Amino acid sequence: MNSLLKYLLILVGLISVIINIVLICLNSNRLPKCSMSWPQESLQVKHSDKSLVFADLTAEEYNSVRDYMWAQKDLKISRSFTAKPSENFLFLIDLSLPRKADVLRFLDANGQKPAREATVVVFNGERGYIKEYLVGPLPGPLQHRDVTQKKYNTPTLPFTARTVTIGEYVELFKLLDKVFQKLEKPLSESFGYIRKKRELLPFECMPRGIKSGDRRTWISFFRDFNGMYIHPVGFEMLINHESANTSHWTIDRLMYNGQYFESIDTFIVDYEAGSIKKIVNKDLPNYASLKPREKPTGLGPQQYYLQGKRYSVKNNQVVYLDWSFAFGLSSLTGMRVFDIRFKGDRIAYELSVQEAMSVYGSVTPGMMLTKFLDSSIGIGRFAHELVRGIDCPYAATYVDTYRYIDTNATQRFRNSICVFEHDIGRPLRRHFSDFFHTGYGGMANSALVIRTITAIGNYDYIWDFIFYQSGSVEAKVHATGYISSSYKVDGNLKYGHQVAENVLGNIHTHFINFKVDLDILGVKNIFQTKDMIYEEVPLPWMPSEKAKIPQLVEQQIRTEKKAAMLHSAKTPRYLHIASNQTNRWGHQRSYRLQVVSFAGDHLPESESVEKSMSWARYKVAITKHKDEEQTSSSLYSQNYMWSPFVDFSKYIEDDEVIDNEDLVAWVTAGFLHIPHAEDIPNTVTVGNGGGVILRPHNYFDEDPSINSPDGVYFNQGSESDCEYNKMACLEKDQCSSTLEPFTYHGFEGVMKFE
């Protein structure tokens with residue numbers, strides 16, 4: 001028995017040893033988990049709570065302002081999510097940016113923190129006007145003051161200038177339902193319409209009329225498909241909804257298969273009589289579907305951080321290597337960053353999106369007059385949750401945003417901004433030496449990206465602000481999503497290409513306006529241009545012979561009108577905001593504005609609506625900073641285009657001197673889009689975008705990236721030396737990625753009309 005026990009113990013011991021050996025072997029090959037972030041003490045730049053002066057309002061602040069305004073009995077504000085046009089409605093609450101001088105005193109001279117206030121927009125349906133208020137100081141005690149006169153030089157804004165609210169859409173859809181009941185037979189025979197089962201979906205034309213005060217909207221109808229925008233049916237309707245009393249709304253025109261009718265009754269009579277060219281319903285596949293035609297089997301390259309994230313996001317501030325900046329997301333204008341610093345020096349006070357505009361061409365009414373000004377609907381309003389691994393790298397840092405627009409409750413949009421460091425995929429710089437000396441020096445182009453994506457109707461805009469280790473900053477947009485389309489009728493091939501059966505992709509422009517408030521070594525800056533000419537000169541060693549050689553041409557521009565660079569005019573290729581300070585080599589320290597644009601032609605100034613988008617006349621315009629000139633467009637520009645309350649061209653008309661002043665550059669980029677078959681089902685981002693790059697030009701004494709921790713250098717014989725070539729020892733830093741589980745809540749914030 002003792003022998004049996006003895007052998008049993010030996011066997012158990014051997015099994016234990018074998019198991020331990022196996023576990024050791026297995027674990028020796030298992031990579032450690034990658035660190036999620038650098039230790040805070042390793043960051044080159046430290047966070048500062050002073051960035052909160054630019055922070056978007058918190059959910060608590062939105063609710064506090066809303067409750068305060070609701071409590072003002074004289075304003076009689078409805079608390080309904082779907083308030084009728086005849087009611088008073090609190091449409092918008094957004095951060096009111098403090099005056100720049102006050103902010104700079106706070107940031108740079110330990111001055112008092114500026115008061116925190118909110119802008120509030122109230123649509124007063126009872127009295128038929130719009131007013132704007134400032135509410136503050138936050139957190140309280142709160143007060144409000146009417147700022148309509150101060151901002152727009154008028155005591156009230158016209159009621160027809162307002163954005164169409166969800167409440168107004170509910171009433172419009174009720175009207176359409178009544179009309180469709182009258183038209184059920186022709187709609188069924190022509191388009192397969194079945195009430196409550198197979199609907200026709202509306203898409204509206206803007207502007208809503210042809211003169212100030214109009215609110216007469218052409219609505220085009222599309223098949224009830226996901227991706228409806230490329231399924232037009234050839235039926236359009238003009239609705240007059242000027243009155244705040246919905247019972248006064250009327251149907252003023254109909255268009256069916258290119259034929260116009262004065263009324264519903266006229267259309268029905270002609271349809272029944274067979275005197276019109278009818279559309280015969282045909283079942284079509286949904287070629288707009290984005291569901292892959294083949295089941296996905298692959299997984300593309302994924303990015304992760306071997307030594308942890310080299311950036312940090314705290315509150316509304318990002319720090320990354322030598323960079324720091326504050327960020328925010330305006331409900332109206334979208335993405336913006338403030339107090340951009342490199343190596344501790346402020347490069348720019350503000351870099352922000354201002355407006356996105358499109359002008360369409362068509363023979364049908366729903367597209368013929370269409371000119372979209374997206375900030376009037378809300379660019380930032382439509383920044384929904386970003387999808388990990390597609391919209392941004394999977395391992396990016398995601399930030400929630402809150403907003404209050406066209407609602408009665410503060411809305412949270414999860415993961416609607418992402419921040420990530422990204423290898424661009426080509427070197428920032430490199431050189432291989434094979435003459436006289438052998439060696440290699442280079443550096444991967446790793447840059448920090450802050451991104452949001454806004455899905456405004458059919459189009460999705462990807463907004464990137466990119467921070468490079470060379471000291472450059474890029475503001476860039478790419479467009480994707482669905483094209484707008486119209487039903488193919490006689491004569492409309494002059495306005496685009498056919499992209500599906502009876503579907504025309506309509507020609508249109510995209511113009512994007514950015515505000516670039518550069519502060520180069522302070523707020524006393526000048527505007528310079530540089531370019532080249534060919535000059536014929538004699539050869540010094542052979543004076544009888546001449547050659548044409550490039551010569552530098554420099555100029556300082558001293559007034560706003562001369563600094564307004566029209567798209568239609570030849571623009572100098574180098575545009576600079578410069579300080580009077582010089583670098584080591586005696587040149588003025590500056591940043592260059594490099595515009596990347598493939599824009600179409602701007603709308604002629606003779607057009608009655610052009611003043612509402614006059615910023616698009618200029619590739620670049622330089623103005624003297626004024627707190628009153630905060631934006632290039634406004635909430636009211638879309639629906640009051642003929643007499644805009646913000647006309648950017650007036651910023652230039654006073655022709656102020658811009659010599660040693662605080663300067664702002666307004667930059668317009670874009671592209672012409674002639675839709676083609678490959679825009680079905682979606683427009684791709686490749687080649688569809690534009691932006692502006694802010695590049696140091698004699699700002700430094702040498703390229704600052706030479707000090708980057710990412711630099712690589714080796715010569716012949718030292719290829720495997722890790723001291724200046726971390727790539728040679730990459731296997732020592734290997735680790736397995738640490739990924740959060742995939743989640744998505746983006747459908748929580750979609751518009752609902754009930």
Side-chain angles (χ1 to χ4, degrees), residues 82 84-86 89 91 123 125 128 130 158-180 183 199-222 228-229 232-256 260-264 267 357-378 406 456-459 484-487 506 508 608-609 612-613 635-644 751 753:
T82 56
K84 294 181 179 180
S86 56
F89 183 58
F91 176 73
F123 296 166
I130 303 168
F159 196 53
T160 52
R162 73 191 186 282
T163 301
V164 174
T165 63
I166 290 174
E168 188 172 357
Y169 280 122
V170 168
E171 298 303 316
L172 284 167
F173 295 161
K174 288 179 183 176
L175 175 61
L176 290 176
D177 187 55
K178 291 178 183 178
V179 172
F180 280 11
L183 297 174
E199 299 281 357
L200 291 177
L201 304 181
F203 188 67
E204 56 194 331
C205 161
M206 300 180 204
R208 306 175 189 281
I210 57 172
K211 65 181 187 305
S212 297
D214 278 356
R215 202 170 182 81
R216 302 170 75 227
T217 304
W218 275 104
I219 295 181
S220 306
F221 294 95
F222 295 77
M228 58 171 245
Y229 307 102
V233 298
F235 181 59
E236 303 183 11
M237 190 182 297
L238 178 62
I239 300 180
N240 185 335
H241 53 121
E242 289 176 14
S243 175
N245 186 340
T246 59
S247 66
H248 295 165
W249 292 358
T250 57
I251 307 300
D252 288 0
R253 290 284 191 284
L254 282 81
M255 193 279 290
Y256 173 93
Y260 289 84
F261 303 90
E262 295 289 327
S263 67
I264 295 170
F267 170 66
M357 179 264 284
S358 297
V359 175
Y360 281 81
S362 180
V363 73
T364 55
M367 282 278 125
M368 180 178 281
L369 296 178
T370 289
K371 298 161 186 69
F372 290 125
L373 291 170
D374 289 344
S375 75
S376 296
I377 308 166
D406 199 6
I456 308 169
N458 57 306
Y459 262 109
S484 281
S485 67
S486 57
Y487 192 76
N506 295 85
H508 57 280
S608 60
V609 299
S612 66
M613 56 189 80
L635 172 62
Y636 315 106
S637 293
Q638 178 73 82
N639 294 303
Y640 221 73
M641 297 184 100
W642 307 270
S643 306
M751 295 174 71
F753 300 100

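These numbers were taken from a predicted model, which means no experiment stands behind them.
Contact check for H241 versus L175: no side-chain heavy atoms found under the 4.5 Å cut-off. Between F221 and P202, some side-chain heavy-atom pair lies under the 4.5 Å cut-off. At least one side-chain heavy atom of E262 sits under 4.5 Å from a side-chain heavy atom of R253. Side chains of L238 and I251 form no contact here, defined as non-hydrogen atoms less than 4.5 Å apart. Using a 4.5 Å cut-off on side-chain heavy atoms (C-beta onward), D406 and T163 make no contact. Put simply, the side chain of E171 reaches to within 4.5 Å of the side chain of P85, judged on heavy atoms. In this structure the side chain of M206 reaches within 4.5 angstrom of the side chain of I377, judged on heavy atoms. Side-chain contact between F203 and P232 is absent, with no heavy atoms from C-beta onward closer than 4.5 Å.
F222 and M228 make their closest contact through CD2-O, 3.0 Å (heavy atoms, listed as atom of the first residue, atom of the second, distance). Taking all atoms of both residues into account, the shortest heavy-atom contact from M367 to S485 is CG-O, 4.5 Å. The shortest non-hydrogen separation linking E242 to G213 is CD-O, 3.7 Å. In terms of heavy atoms, G366 sits closest to S220 at CA-OG, 3.5 Å. The two residues W249 and S243 have their closest heavy-atom pair at NE1-O, 2.8 Å. What you find for C205 and T370 is that their closest heavy atoms are SG-OG1, 3.5 Å.
One side chain, N506 or S486, offers a donor N or O that lies under 3.5 Å from an acceptor on the other. Side chain to side chain, N639 and R208 meet the donor-acceptor criterion of an N or O pair below 3.5 Å. With 3.5 Å as the limit, one finds a donor-acceptor pair spanning the side chains of D252 and T250.
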Review point. Step by step, would you call L183 with I264 a side-chain contact (heavy atoms from CB on, under 4.5 Å)?
Key: CA-CA 8 Å; L183 297 174; I264 295 170; 3.7 Å; yes

Review point. Could you go step by step and tell me if M368 and W218 meet the side-chain contact (heavy atoms from CB on, under 4.5 Å) rule?
Key: CA-CA 10 Å; M368 180 178 281; W218 275 104; over 6 Å; no

Practice item. Any chance you could lay out the side-chain contact (heavy atoms from CB on, under 4.5 Å) test for I130 and F91, step after step, and finish with the verdict? Key: CA-CA 10 Å; I130 303 168; F91 176 73; over 6 Å; no

Point to revise | Trace of the side-chain contact (heavy atoms from CB on, under 4.5 Å) decision for Y229 with S484 | key: CA-CA 6 Å; Y229 307 102; S484 281; 5.6 Å; no

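Listed for the K371 side chain is a donor-acceptor partner under 3.5 Å among the backbone atoms of L369. Although no hydrogens or angles enter the test, the distance criterion places a donor-acceptor pair under 3.5 Å between the side chain of S362 and the main chain of T364. At least one donor-acceptor pair under 3.5 Å links the side chain of R215 to the backbone N or O of R162. Side-chain atoms of N245 come within 3.5 Å of backbone N or O of S247 as a donor-acceptor pair. Judged by distance alone, the side chain of Q638 and the main-chain N or O of L373 form a donor-acceptor pair under 3.5 Å.
Annotation for L201: atom CG counts as buried by contact number, over 12 foreign heavy atoms lying within 6.0 Å.
A tilted orientation is assigned to the rings of F180 and F235, their planes being inclined by 30° to 60°. In this pair, F123 and F89 present their aromatic rings tilted. The plane angle is within the 30 to 60° band.
Distance check: Y169 OH to T82 OG1 gives 15.0 Å after rounding to the nearest 0.5 Å.
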